[in-house]
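The structure under discussion appears below in the form of structure tokens.
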Amino acid sequence: CLATSVGFFMYVELLAVSLTLTNASHAMGFSNLSPVFIVTYRLCASDAVPPVWAELAGTLLGVFGVVLCTLDDGPGPDGTGDVVAALSAVGMVLYALQAKRVRAYVDLPHFNAALYCLCAVGASVVAYLLVPGMTFDRGDMGLFGWTVPTFWRLYTELLVSFTFDVCGMMAYLAALRYVDALVLSVATMVQPAIVVIEG
């Protein structure tokens with residue numbers, strides 16, 4: 001479960017960093033290249049099941065979509081954000097492949113609790129070390145600032161937590177028990193198109 005948490009943490013943190021270095025369509029596009037890395041792994045590894053033609057076609061179609069979404073404007077000043085976003089895809093590969101193995105032995109609530117607890121500790125440490133002015137209080141830049149009972153802050157936190165964490169990640173984790181990680185990662189390549197459409 002530790003490798004799964006490290007992969008998820010790497011994905012989330014590097015994606016957040018890439019969003020500060022490049023625009024959203026580039027960050028989401030390059031962070032969703034995980035199917036390319038999974039297909040490459042499955043083609044090169046002797047113990048992995050080689051991908052079938054439909055998986056290869058889906059991956060190529062997804063890459064084509066990512067390329068289209070990143071044509072809207074140029075990357076950051078030096079392309080660093082694109083590289084960081086691509087590295088976040090490596091974290092997603094580690095997460096997806098390890099989660100597929102672990103989910104066979106751990107039920108969803110325990111798996112999710114361990115994943116989010118380990119990631120929360122890691123994110124708190126990174127934020128405290130890297131964000132100027134970060135404190136452990138309930139102020140605006142405090143680690144527990146989201147607990148201040150203002151309507152919009154609490155409403156936003158509940159909406160984001162329920163929508164993305166409960167509906168999104170729980171569905172992703174539940175599907176890993178029945179579907180290959182490559183199929184799910186290809187399906188998530190829709191995200192860059194949604195980001196471009198939402199603006």
Side-chain angles (χ1 to χ4, degrees), residues 1-45 48-49 51 55-56 58-67 69-70 75 79-104 106 108 111-112 114-123 126 160-161 163-196:
C1 208
L2 183 61
T4 306
S5 296
V6 168
F8 186 69
F9 173 74
M10 184 175 153
Y11 169 71
V12 170
E13 291 298 315
L14 289 175
L15 179 59
V17 169
S18 72
L19 284 169
T20 65
L21 300 172
T22 189
N23 60 42
S25 62
H26 280 248
M28 292 305 295
F30 284 100
S31 73
N32 280 293
L33 288 178
S34 55
V36 174
F37 297 131
I38 293 175
V39 165
T40 304
Y41 166 75
R42 287 177 57 182
L43 286 172
C44 297
V49 177
E55 293 171 336
L56 291 170
T59 301
L60 290 175
L61 183 64
V63 168
F64 179 71
V66 168
V67 169
C69 287
T70 57
T80 307
D82 295 347
V83 173
V84 172
L87 288 174
S88 76
V90 174
M92 180 52 87
V93 169
L94 177 64
Y95 166 71
L97 294 177
Q98 292 300 318
K100 178 72 176 172
R101 291 185 186 120
V102 172
R103 276 288 291 129
V106 180
L108 190 57
F111 178 85
N112 213 25
L115 176 75
Y116 283 119
C117 285
L118 290 171
C119 288
V121 169
V126 168
V160 168
S161 294
T163 304
F164 299 113
D165 294 342
V166 175
C167 296
M169 288 308 294
M170 294 286 272
Y172 188 91
L173 292 170
L176 276 173
R177 179 168 273 190
Y178 308 105
V179 180
D180 189 52
L182 177 60
V183 174
L184 283 178
S185 63
V186 168
T188 62
M189 291 186 86
V190 177
Q191 289 176 337
I194 293 171
V195 167
V196 170

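No hydrogens, no waters, no symmetry mates; every other heavy atom, side chains included, goes into these values. Predicted, not measured: the structure shown is a model, and the values here were computed from it.
Legend: residues meeting side chain to side chain contact (heavy atoms under 4.5 Å, CB included) with Ile38, ordered by chain and number and at least two apart, are Arg42, Val93, Leu182, Ser185. Evaluation of the side chain to side chain contact (heavy atoms under 4.5 Å, CB included) rule for Leu60 yields no partner, not counting sequence neighbours. Leu94 pairs by the side chain to side chain contact (heavy atoms under 4.5 Å, CB included) definition with Val6, Gln98, not counting sequence neighbours. Taking the side chain to side chain contact (heavy atoms under 4.5 Å, CB included) definition, one finds that Val126 meets it with Phe9, Glu13, Leu130, sequence neighbours left out.
Here the side chains of Leu118 and Phe8 are not in contact, with every heavy-atom distance at 4.5 Å or above. Contact of the Phe30 side chain with the Thr22 side chain is not registered, since no non-hydrogen atoms from C-beta on lie closer than 4.5 Å.
Taken to the nearest 0.5 Å, the OG atom of Ser88 stands 8.0 Å off from the CG atom of Asn32. Taken to the nearest 0.5 Å, the CG atom of Leu87 stands 11.0 Å off from the CG atom of Leu33.
Smallest separation of non-hydrogen atoms from Leu19 and Ala27: CD2-CB, 3.5 Å. Minimum heavy-atom separation, Ser18 to Gly81: CB-O, 3.3 Å. Minimum interatomic distance between Phe37 and Ala89 (heavy atoms only, all atoms of both residues): CE1-CB, 3.7 Å.
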